[in-house]
Amino acid sequence: MNQINRQYYKTNIGELVLGSFAGRLCLLDFRYRRMRAIVDNRIKKGLDAEFVDQDDGVLTKARRQIDEYLSGDRKEFDLQLLMVGTDFQKKVWSALIKVPYGTTSTYLQLAKDINNEKAVRAVASANGANAIGLIIPCHRIIGSNGELVGYGGGLSIKKRLLALEKRIAL
């Protein structure tokens with residue numbers, strides 16, 4: 001059986017769960033989010049692997065970069081990612097990575113970015129299924145009316161992350 005190395009990590013935005021597989025980060029998410037079991041099961045099934053609580057170099061590097069990001073010293077992550085999902089989800093997540101630090105976009109714009117303007121709801125669903133938060137910056141997506149909508153870590157954390165990025169981006 002393959003294994004996904006997993007570690008829990010307490011930060012000032014909540015407790016995170018990190019996972020690596022074959023030298024790549026496949027999980028960086030809020031430990032207590034509502035969709036935890038769904039996301040974990042998708043990753044385990046997609047990689048035909050089980051979680052093992054074990055540290056490794058990828059997870060160590062991820063923790064260091066998360067700390068740098070949260071302290072405002074890092075705008076871009078430098079980690080090999082392994083996205084586990086459908087082709088559509090991966091397309092949405094790849095478009096998400098291109099949303100610049102300190103800016104926001106909308107579900108509609110993201111749908112346009114993947115040349116599928118009518119797929120706004122599916123884009124929103126893929127955004128919610130993102131398992132590699134912060135690096136695949138789903139927190140930068142807001143409603144078309146400018147309101148903060150849905151976030152795995154909760155709206156107060158989303159607001160804090162956006163405020164951090166706006167302050168540092170200036």
Side-chain angles (χ1 to χ4, degrees), residues 7-20 24-40 42-43 58-59 61-86 88-114 119-170:
Q7 291 280 283
Y8 296 107
Y9 188 51
K10 287 184 166 72
T11 71
N12 65 3
I13 60 166
E15 191 169 2
L16 304 175
V17 56
L18 300 120
S20 74
R24 296 192 287 171
L25 190 73
C26 63
L27 179 63
L28 190 178
D29 205 355
F30 290 91
R31 181 173 184 181
Y32 299 108
R33 76 178 278 192
R34 195 169 39 91
M35 290 177 61
R36 175 82 280 124
I38 293 167
V39 171
D40 288 351
R42 183 184 75 233
I43 291 170
V58 172
L59 300 178
K61 186 176 179 182
R63 288 192 302 272
R64 185 177 65 247
Q65 291 191 17
I66 290 165
D67 288 345
E68 292 166 355
Y69 168 81
L70 292 174
S71 67
D73 295 327
R74 174 176 290 277
K75 293 182 181 180
E76 290 182 20
F77 289 84
D78 175 27
L79 295 160
Q80 292 282 92
L81 303 182
L82 177 60
M83 297 180 215
V84 180
T86 66
F88 180 82
Q89 287 172 327
K90 290 176 189 175
K91 187 185 269 193
V92 171
W93 300 333
S94 293
L96 257 176
I97 289 175
K98 296 176 183 148
V99 178
Y101 183 97
T103 68
T104 57
S105 188
T106 64
Y107 296 113
L108 176 59
Q109 184 57 53
L110 213 49
K112 288 178 180 174
D113 291 345
I114 63 165
V120 176
R121 284 178 180 263
V123 163
S125 179
N127 199 55
N130 176 25
I132 309 177
L134 305 180
I135 299 174
I136 300 176
C138 49
H139 62 277
R140 295 182 190 149
I141 304 303
I142 60 174
S144 294
N145 59 3
E147 296 204 2
L148 298 188
V149 289
Y151 186 59
L155 291 183
S156 65
I157 299 299
K158 182 174 188 162
K159 190 180 283 186
R160 282 177 55 192
L161 291 173
L162 292 173
L164 167 79
E165 289 188 7
K166 286 211 180 345
R167 191 171 63 246
I168 305 301
L170 297 177

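In this text, all values refer to a predicted model and were calculated from it rather than measured experimentally. Just so you know, these numbers use all the heavy atoms, side chains as well, and skip hydrogens, waters and symmetry mates.
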### Query
Could you give all pairs that pass the side chain to side chain donor-acceptor pair (under 3.5 Å) test and reach residues 123-138, with sequence neighbours left out?
none
### Query
Quick one: salt bridge (Lys or Arg N to Asp or Glu O under 4.0 Å) pairs with a partner in residues 93-112, sequence neighbours left out?
none
### Task
Compare every heavy atom of F88 with every heavy atom of A119, then report the nearest pair and how far apart it is.
CB-CZ, 4.1 Å
### Summary
Shortest non-hydrogen pair, C26 vs I132, comes out as O-CG1, 3.7 Å
### Query
Passes side chain to side chain contact (heavy atoms under 4.5 Å, CB included), L18 versus I66? Steps please.
CA-CA 11 Å; L18 300 120; I66 290 165; 3.5 Å; yes
### Query
What residues form a salt bridge (Lys or Arg N to Asp or Glu O under 4.0 Å) with K90, not counting sequence neighbours?
none
#### Entry: Any residue meeting side chain to side chain contact (heavy atoms under 4.5 Å, CB included) with A111, in chain and number order, not counting sequence neighbours
V120, V123
#### Entry: Distance-minimising heavy-atom pair for A131 and V39
CB-CG1, 3.5 Å
### Message
With heavy-atom distances below 4.5 Å as the criterion, would you say the side chains of M83 and I97 are in contact?
### Response
yes
### Task
Using a cut-off of 6.0 Å, state whether more than 12 heavy atoms not belonging to K158 lie near its atom NZ.
yes
### Summary
Looking only at heavy atoms, the pair that brings F77 and L134 closest together is CE1-O, 4.0 Å
### side chain to side chain donor-acceptor pair (under 3.5 Å) partners of D29, counting only residues at least two apart
R33, R36
#### Entry: Non-neighbouring partners of S71 that pass side chain to side chain contact (heavy atoms under 4.5 Å, CB included), sequence neighbours left out
D73
### Query
What are the two closest heavy atoms between Q65 and D78, and how far apart are they?
OE1-N, 2.8 Å
### Task
Could you tell me which residues satisfy side chain to side chain donor-acceptor pair (under 3.5 Å) with R31, sequence neighbours excluded, listed by chain and number?
E15
### Task
Mind checking side chain to side chain donor-acceptor pair (under 3.5 Å) for Y32 and listing every partner two or more places apart, or none if nothing turns up?
none
### Task
Specify the closest pair of heavy atoms between V84 and I43, including all atoms of both residues, with the distance to one decimal.
CG1-CA, 3.9 Å
### R42 side chain vs A129 backbone, donor-acceptor pair below 3.5 Å
yes
### Message
Could you work out, with side chain to side chain contact (heavy atoms under 4.5 Å, CB included) as the rule, every residue matching D113, not counting sequence neighbours?
### Response
A95, Q109, L110
### Query
OH of Y101 to CG of L164: how many Å apart, nearest 0.5 Å?
4.5 Å
Atom pairs and distances, side-chain donor-acceptor, residues 137-149, under 3.5 Å, sequence neighbours left out:
from: H139; atom 1: NE2; to: Y69; atom 2: OH; distance (Å): 3.3
from: H139; atom 1: NE2; to: E165; atom 2: OE2; distance (Å): 2.8
from: R140; atom 1: NE; to: E165; atom 2: OE1; distance (Å): 2.7
from: R140; atom 1: NE; to: E165; atom 2: OE2; distance (Å): 3.3
from: R140; atom 1: NH1; to: V99; atom 2: O; distance (Å): 2.7
from: R140; atom 1: NH2; to: E165; atom 2: OE1; distance (Å): 3.4
from: R140; atom 1: NH2; to: E165; atom 2: OE2; distance (Å): 3.0
from: N145; atom 1: OD1; to: E147; atom 2: N; distance (Å): 2.9

### Task
Look up atom CG in L161 and atom OG in S156, then write down how far apart they are to the nearest 0.5 Å.
9.5 Å
#### Entry: L16 side chain near F30 side chain, heavy-atom distance below 4.5 Å
yes
### Task
Side-chain contact test, heavy atoms from C-beta onward, threshold under 4.5 Å: evaluate it for Y9 versus D67 and give yes or no.
yes
#### Entry: Which residues share a side chain to side chain contact (heavy atoms under 4.5 Å, CB included) with R160, sequence neighbours left out
N12, I13, I157
### Test side chain to side chain donor-acceptor pair (under 3.5 Å) applied to Q80 - qualifying residues, sequence neighbours left out
none
